J.: 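My questions will all concern the structure given below.
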2 protein chains.
Amino acid sequence: MTVKRELDPIAQLRHLCRQHGLRVTPQKIMIYQELQKALDHPSPEQLFQRLQRTHPELSLDTVYRTLSAFAEIGLVDLVEGYGTARRFDPRREKHHHFHCRKCGAILDFTSDQYDQLAIPASISRDCQVLNLRVTLEGYCKQCRSQTNI
Amino acid sequence: MTVKRELDPIAQLRHLCRQHGLRVTPQKIMIYQELQKALDHPSPEQLFQRLQRTHPELSLDTVYRTLSAFAEIGLVDLVEGYGTARRFDPRREKHHHFHCRKCGAILDFTSDQYDQLAIPASISRDCQVLNLRVTLEGYCKQCRSQTNI
DNA sequence: TTTTCTGCAAATCCTTTGCATATCC
DNA sequence: GGATATGCAAAGGATTTGCAGAAAA
């Protein structure tokens, strides 16, 4: 007897929106459906262009606002372009990073376990892999205590 | 008898620049030194502001150009703000990503090994970790064959 | 009915570019 | 001396914001 965990995507959308006090609008639905169809991890602009064919009345800033809201409630994942500006690291020793979601701090740490990770065959078969990076994300010490998260 | 691997940072800078046909200028040196001093993975703008105190003649776009060049020759690492736009992912199943450096494609893959990674105590002690992400970086099938990399 | 959302337009922020001059090798 | 780098200013691209009208709960 398994618990039913998977709702259909739109039911998920409704559920999460209501849970977070967001309204379920036609725009939210069309944006979410278009993103579901996409296999290429699109940008707001790309999604907007695809939707324009069928929904010319939709505006780009609604796509931005909607995707941000979705990411906040955990309905979708931001997989590129987290912070607001480029950041650089001069350390040459093997290490990894923790990123604070609130203040943007990036903390270094080392981990033998992470250093020893292998590249899955499904990827190394076709792609040339030059780098593996493990990134932790959450709230740092200060932000954790300031907010009551 | 150990081979000497670690040159002092400025020697590294000179070495890598020459190796890649880049000139060693006072600007490159001051930018690299300031980045070495920083423990916070600064943005170009932040680095520029810090340098202005002592080098008011330095320009922001030189900081941008220089940091990009450093990242290209592998002297420093870009640790935030890789792509040009935000990208979103609707998949709710556990998975990881490969990012192509040339065309920007993001490929999904699964890995039990990656799913089972632990959070190091040095981080979980102070920080609240909400997410762990493994990202592979390199050249995808198409880009690998097009370029001769 | 009330609060939130949307579309529009303008603003903002980050990054890149063109060009003339200065500089490294 | 010749190729590359720099500084300046302007352009470009991505994202955010203020506001008034529209729509969801």
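Naming: A, B, ... by sequence-line order, numbering from 1 per chain. Since the model is a prediction, treat every value here as computed from it, not as a measurement.
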J.: Send over the distance from B:E80 CD to C:dC14 P, rounded to a whole Å.
T.: 13 Å
J.: When the distance from NZ of B:K28 to P of C:dT23 is rounded to whole Å, what number comes out?
T.: 14 Å
J.: Let me know, please, whether B:G81 or B:L22 comes out on the 5' side of the other along DNA chain C by nearest nucleotide.
T.: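 The residue mapped nearer the 5' terminus is B:G81.
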J.: Taking B:R18 for the side chain and B:V24 for the main chain, is one N or O donor matched with an acceptor at less than 3.5 Å?
T.: no
J.: What is the distance, to the nearest angstrom, from the CZ atom on A:R14 to the P atom on D:dA24?
T.: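 Value for this atom pair: 11 Å.
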J.: Among A:V76, A:V63, A:T25, which residue satisfies the side-chain contact (heavy atoms from CB on, under 4.5 Å) criterion with A:I31?
T.: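 Exactly one candidate clears the test, A:V63.
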J.: Could you list by number each residue of residues 36-50 of chain A showing a heavy-atom separation from DNA chain C of less than 4.0 Å, or answer none if no residue does?
T.: none
J.: Could you state the atom-to-atom distance from CG of A:L13 to P of C:dC5 in whole Å?
T.: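 So the CG-P distance, A:L13 to C:dC5, works out to 12 Å.
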J.: Please tell me which of B:R23 and A:R87 maps to the more 5' nucleotide of DNA chain C, matching each residue to the nucleotide holding its nearest heavy atom.
T.: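 Counting from the 5' end, the first nearest nucleotide belongs to A:R87.
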J.: Over how many whole Å does the gap from B:E72 atom CD to C:dT16 atom P extend?
T.: 11 Å
J.: Do A:H41 and B:D108 have side chains that approach each other closer than 4.5 Å (heavy atoms only, starting at C-beta)?
T.: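 They are in side-chain contact.
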J.: Looking at A:Q27, I'd like to know whether one of its side-chain N or O atoms comes within less than 4.0 Å of OP1 or OP2 on D:dA24.
T.: no
J.: Measure from OH on A:Y82 to P on D:dT15 and round the result to the nearest Å.
T.: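 Result: 13 Å.
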J.: Does atom CG of A:L39 have more than 12 heavy-atom neighbours, drawn from other residues, nucleotides or ligands, at distances under 6.0 Å?
T.: no
J.: Measure CD1/A:I29 against P/D:dA23 and give the value in whole Å, please.
T.: 15 Å
J.: Roughly how far apart are B:L22 CG and B:I73 CD1, rounded to 0.5 Å?
T.: 5.0 Å
J.: Can you say whether a donor on the side chain of B:R86 sits under 3.5 Å from an acceptor on the base of D:dA14, or the other way round?
T.: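 It does not, because no donor-acceptor pair links the side chain of B:R86 to the base of D:dA14 below 3.5 Å.
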J.: Donor-acceptor pair, distance only, cut-off 3.5 Å: does the side chain of B:R133 make one with the backbone of B:H96?
T.: no
J.: Output yes when a side-chain donor or acceptor of A:D89 lies under 3.5 Å from a complementary backbone atom of A:R91, and no otherwise.
T.: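 Such a contact is found between A:D89 side chain and A:R91 backbone.
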J.: Let's see if you get this right: which residues in residues 51-69 of chain B place a heavy atom under 4.0 Å from DNA chain C?
T.: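 Hits under 4.0 Å, by residue number: B:D61, B:Y64, B:R65.
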J.: Output yes when at least one side-chain N/O atom of B:T25 is less than 4.0 Å from OP1 or OP2 of D:dT6, else no.
T.: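 Answer yes for this pair, as a side-chain N or O of B:T25 is under 4.0 Å from OP1 or OP2.
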J.: Can you check whether B:F98 and B:F109 have ring centres sitting under 6.0 Å from each other?
T.: no
J.: Quick check: does any side chain N or O of A:E34 sit under 3.5 Å from a backbone N or O of A:L51, one acting as donor and the other as acceptor?
T.: no
